[in-house]
Asker: 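Dumping the structure here so I can ask a few things about it.
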Amino acid sequence: MSLVKRLDLPYMGDGRGGLVAVEGLSDVPFEIRRVYYIFKTEPGVSRGFHAHKELKQLMVCVSGQCDILLDDGKSKENVTLNSPKNGIIVESMVWRELHNFSDDCVLLVMASDPYSESDYIRDYSEFLEISNV
Ligand code: T46
């Protein structure tokens with residue numbers, strides 16, 4: 001099964017312009033308990049380099065574009081996010097790296113849980129050890 005779970009978002013744009021609305025538990029398969037966004041990423045900077053033990057997230061590039069590498073410890077897949085009308089669900093126990101942010105990239109993330117550092121696995125060898133048991 002593909003690691004990249006694409007999601008087309010409910011689009012309600014009209015003659016005035018675009019509008020996307022996302023509701024937790026119906027449009028995404030989890031309750032949305034936190035929202036954050038990443039923007040003005042400095043040139044050449046990559047982010048992420050971790051997995052989450054429990055957290056699930058919907059990632060949408062509402063402006064510009066960036067590349068996301070997903071890795072479940074067995075296989076790796078790359079996806080480019082470049083539309084406010086669709087995104088990807090990133091499940092728990094998936095290592096993610098975010099690369100090639102465009103200058104105008106705004107990456108919106110809707111998360112299933114509040115921030116908790118104890119949910120992060122930031123060491124790749126530890127991730128491989130846990131994910132391959
Ligand atoms: C992810 C990718 C896509 C908080 O205090 N609250 C928060 O909600 C977040 C997201 C971060 N922080 C703190 C933790 C660090 O001290 O902000 C600092 C930077 O976070 P981090 O280095 O984890 O940022 P990224 O861009 O590497 O990763 C973030 C998310 O943490 C992560 O869950 O999937 O974006």
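Remember, it's 1-based here, ligands and their atoms both numbered in the order they're listed. In this chain, numbering begins with 1 at the start of the sequence shown.
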Asker: By the salt bridge (charged side-chain N to carboxylate O under 4.0 Å, His left out) test, which pairs, at least two apart or in different chains, include something from residues 46-56?
Answerer: Lys56-Glu91

Asker: Using a strict threshold of under 4.0 Å (side-chain N to carboxylate O), is an ion pair present between Arg16 and Asp14?
Answerer: yes

Asker: Please verify the inter-ring angle class for Tyr37 with Phe39; under 30° counts as parallel, over 60° as perpendicular, anything in between as tilted.
Answerer: tilted

Asker: Can you list everything that forms a side chain to side chain donor-acceptor pair (under 3.5 Å) with Asp103? Sequence neighbours excluded, please.
Answerer: none

Asker: So which protein residues pack against ligand 1 under 4.0 Å, heavy atoms counted?
Answerer: Arg34, Tyr36, Ile38, Arg47, Gly48, His50, His52, Gln57, Met59, Arg96, Leu98, Tyr115, Tyr120, Arg122

Asker: Looking at Glu97 and Lys76, is there a salt bridge between them, counting it only when a charged N and a carboxylate O are closer than 4.0 Å?
Answerer: no

Asker: Going by side-chain contact (heavy atoms from CB on, under 4.5 Å), name the residues that satisfy it together with Ser83, two or more places apart in sequence or in a different chain.
Answerer: Lys85, Asn86

